[in-house]
*Asks:* 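The structure is given below, and queries will be raised subsequently.
We name chains A, B, ... by the order of the sequence lines, and we start the count at 1 in each one. Reckoned from all heavy atoms, side chains included, excluding hydrogens, waters and symmetry mates.
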Amino acid sequence: MYRIISTKNNNLKVKINDFNPFHTFLCGQCFRWNYDGERFWTGVALGRFVRLEWDGEVCLFYDMDEQEFVDKWVNYFDLNTDYSSIKKRLAKKDEHLKEAVSYGYGIRLLRQDLWEVILSFIISQNNGIPRIKGIIEALSSSYGKKINKEYGAYAFPDFTVLANTSLQDLNTCRAGYRCKYILSTAQRLDDSPSLLSNIRKLPAKEVRDILLSFIGIGEKVADCILLYSGIDRTAFPIDRWVKRVMEELYFKKETSVKDIRDFSHSYFGDLTGISQQYLFYYARENKIGV
DNA sequence: AAACAGGGGTTAA
DNA sequence: TTAACCCCTGTT
């Protein structure tokens with residue numbers, strides 16, 4: 001699924017199959033990657049600042065050795081999963097999927113840090129992407145470690161730091177009513193720090209119930225967390241866009257979230273989560289059902 | 001200029 | 001099932 005081409009000057013050149021940074025970084029699963037308007041992407045993930053160049057074919061990771069790539073980024077970019085075969089299976093299933101897959105052909109579902117997706121998707125509720133990114137940047141620069149001077153990049157803040165702030169302090173990040181969710185989530189994790197490290201060993205269903213017990217996490221956010229942390233690739237987050245595209249393409253009428261979820265699990269099977277991502281990206285970029 | 005609608009929802013009633 | 005929630009953005 002990937003082939004390292006060279007490692008000169010501590011820059012790692014790698015061919016990644018089924019990868020297009022526009023599709024992967026802009027399909028709504030992450031909020032900390034930014035495009036320079038030409039061919040460079042910068043991002044913060046796993047406590048690290050990353051800069052990469054994509055020429056339409058191969059990726060050049062700056063300031064990265066092979067060891068780090070294999071240890072951290074192969075997992076982050078889900079490089080051991082064969083998206084070609086996934087896309088083939090989906091394209092065979094029906095015309096809608098065929099269309100959606102060929103549109104977002106370079107989507108890879110990232111395996112992101114669990115705490116980061118928990119907080120990010122609490123913030124995402126009833127909110128738009130530019131503002132979500134702004135809130136996360138504000139939290140990071142206020143409470144995270146500075147990890148790159150040149151680019152002014154800050155790591156995602158630890159929950160311990162947030163747990164020891166006040167609601168008043170947090171309000172400066174402009175998350176509005178979500179600030180109390182942020183604070184209570186951080187405090188609960190700070191009270192039981194082993195919770196997150198052990199949670200990946202549990203069955204997905206149990207993880208979902210635990211997530212739902214947090215203030216500020218409902219079904220949609222819980223499913224985002226499961227899917228984007230890599231805990232459950234059959235999670236199917238249903239937001240306005242997914243609801244609309246599913247109604248338009250598969251039901252031809254208004255349908256409850258529960259019915260959509262039941263149908264999706266039985267129809268998409270083990271590819272439920274990635275199907276959602278192709279359909280969501282396709283629907284949003286093409287304003288399907290608006 | 002001010003009002004309005006809506007945003008990758010969740011909570012509480 | 002429904003309104004209220006903080007607050008920003010785009011539209012009249």
*Asks:* Can you measure Lys180(A) atom NZ to dC6(C) atom C1' for me and round it to whole angstrom units?
*Replies:*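 Going from Lys180(A) (NZ) to dC6(C) (C1'), I get 8 Å.
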*Asks:* If pairs are Watson-Crick or G-U with both distances under 3.5 Å, what is the dot-bracket string of DNA chain C, marking crossing pairs with [ ] and pairs to another strand with |?
*Replies:* |||||.||||||
*Asks:* For the pair made of CD1 in Ile132(A) and P in dT10(B), what is the distance, rounded to whole Å?
*Replies:* 12 Å
*Asks:* With a non-hydrogen cut-off below 4.0 angstrom, is Gln277(A) in contact with a base, only sugar-phosphate, or nothing?
*Replies:* nothing
*Asks:* Report yes or no: do Tyr105(A) and Asn20(A) form a side-chain donor-acceptor pair below 3.5 Å?
*Replies:* yes
*Asks:* Measure the distance from CG on Leu211(A) to P on dT10(B) and round it to the nearest whole Å.
*Replies:*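 Those two atoms, CG and P, are 12 Å apart.
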*Asks:* Name all residues meeting the side chain to side chain contact (heavy atoms under 4.5 Å, CB included) criterion together with Thr255(A); count only those two or more places apart in sequence or in a different chain, and write none if there are none.
*Replies:*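 Thr255(A): side chain to side chain contact (heavy atoms under 4.5 Å, CB included) contacts with Glu247(A), Phe251(A), Lys253(A), Asp259(A), Ile260(A).
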*Asks:* The criterion is side chain to side chain contact (heavy atoms under 4.5 Å, CB included); which residues satisfy it with Val101(A), sequence neighbours excluded?
*Replies:* Lys87(A), Leu90(A), Tyr278(A)
*Asks:* Side chains of residues 119-126 of chain A: which donor-acceptor partners sit under 3.5 Å, not counting sequence neighbours?
*Replies:*
from: Ser120(A); atom 1: OG; to: Glu116(A); atom 2: O; distance (Å): 2.7
from: Ser124(A); atom 1: OG; to: Phe121(A); atom 2: O; distance (Å): 2.9

*Asks:* Base, sugar-phosphate alone, or nothing: which one does Cys179(A) contact when heavy atoms must sit under 4.0 Å apart?
*Replies:* nothing
*Asks:* In whole Å, I'd like the distance from the CG atom of Asn126(A) to the P atom of dA3(C).
*Replies:* 15 Å
*Asks:* What distance do Thr24(A) atom OG1 and Ile16(A) atom CD1 have between them, rounded to the nearest 0.5 Å?
*Replies:* 8.5 Å
*Asks:* Give the other cluster members for Val58(A), using side-chain heavy-atom distances under 4.5 Å between Ile, Leu, Val, Met, Phe, Trp and Tyr residues; answer none if it is isolated.
*Replies:* Ile5(A)
*Asks:* Just checking, any donor-acceptor pair under 3.5 angstrom between side chains of Asp232(A) and Thr234(A)?
*Replies:* yes
*Asks:* Working to the nearest 0.5 angstrom, can you tell me the gap between Leu170(A) CG and Ser142(A) OG?
*Replies:* 9.0 Å
*Asks:* What interatomic distance, in whole Å, is found between P of dC6(C) and the corresponding atom of dA13(B)?
*Replies:*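 The same atom, P, in both gives a distance of 15 Å.
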*Asks:* Each nucleotide in nucleotides 7-12 of chain C should get exactly one letter: B, S or -. Can you fill that in based on protein heavy atoms under 4.0 Å?
*Replies:* BS----
*Asks:* Quick check on the 6.0 Å ring-centre criterion: do Tyr35(A) and Phe22(A) meet it?
*Replies:*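 Here the rings of Phe22(A) and Tyr35(A) have centres that are less than 6.0 Å from each other.
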*Asks:* Does Arg51(A) qualify as a cation-pi partner of Tyr151(A), given the criterion of NZ or CZ under 6.0 Å from the six-membered ring centre and within 45 degrees of its axis?
*Replies:* no
*Asks:* Under 4.0 Å from any atom of DNA chain C, heavy atoms only: list the residues of residues 256-275 of chain A that qualify, in numerical order.
*Replies:*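 By residue number: none to list.
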*Asks:* Keeping the roles fixed (side chain from Arg174(A), backbone from Ala138(A)), state whether a donor-acceptor pair exists under 3.5 Å.
*Replies:* no
*Asks:* Go through the structure and list residues passing side chain to side chain donor-acceptor pair (under 3.5 Å) with Tyr181(A), not counting sequence neighbours.
*Replies:* none
*Asks:* side-chain contact (heavy atoms from CB on, under 4.5 Å) with Phe61(A): which of Thr7(A), Val50(A), Asn10(A)?
*Replies:* Val50(A)
*Asks:* Considering only heavy atoms, which members of residues 227-240 of chain A lie under 4.0 Å from some atom of DNA chain B?
*Replies:*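 Residues of residues 227-240 of chain A under 4.0 Å from DNA chain B: Tyr228(A), Asp239(A), Arg240(A).
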*Asks:* Taking only the P atom of each, what is the distance from dA1(B) to dC7(C) in whole angstrom?
*Replies:*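 Between the two P atoms, the distance is 23 Å.
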*Asks:* Apply ring-ring contact (aromatic ring centres under 6.0 Å, His included) to the pair Tyr250(A) and Tyr267(A), showing each step before the final yes or no.
*Replies:* CA-CA 11 Å; Tyr250(A) 291 97; Tyr267(A) 184 66; 5.7 Å; yes
*Asks:* Regarding Cys173(A), tell me which of base, sugar-phosphate or nothing describes its non-hydrogen contacts under 4.0 Å with the strands shown.
*Replies:* nothing
*Asks:* Within the 4.5 Å heavy-atom criterion, are Trp115(A) and Phe156(A) side-chain neighbours or not?
*Replies:*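 Side chain of Trp115(A) against side chain of Phe156(A), heavy atoms only: contact under 4.5 Å found.
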*Asks:* Tracing side-chain links under 4.5 Å among I, L, V, M, F, W and Y, which residues wind up in one group with Phe40(A)?
*Replies:*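 Phe40(A) clusters with Leu60(A), Tyr62(A).
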*Asks:* Send over the distance from Leu212(A) CG to dT11(B) C1', rounded to a whole Å.
*Replies:*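 So the two atoms are 13 Å apart, to the nearest Å.
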*Asks:* Check each residue of residues 213-223 of chain A for a non-hydrogen atom within less than 4.0 Å of any atom in DNA chain B, then write out the ones that pass by number, or none.
*Replies:*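 Within residues 213-223 of chain A, the residues near DNA chain B are Phe214(A), Ile215(A), Gly216(A), Ile217(A), Gly218(A), Glu219(A), Lys220(A), Val221(A).
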*Asks:* If the condition is salt bridge (charged side-chain N to carboxylate O under 4.0 Å, His left out), which residues does Lys201(A) pass it with, not counting sequence neighbours?
*Replies:*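 Testing Lys201(A) for salt bridge (charged side-chain N to carboxylate O under 4.0 Å, His left out), a comparison that skips the adjacent residues, returns none.
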*Asks:* Take atom CD1 of Ile182(A) and atom P of dC5(C), then tell me their distance rounded to the nearest Å.
*Replies:*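 In whole Å, dC5(C) P lies 19 Å from Ile182(A) CD1.
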*Asks:* Mapping Leu26(A) and Tyr181(A) to their closest nucleotides on DNA chain B, which lands nearer the 5' end?
*Replies:*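 Comparing both residues, the 5'-ward one is Leu26(A).
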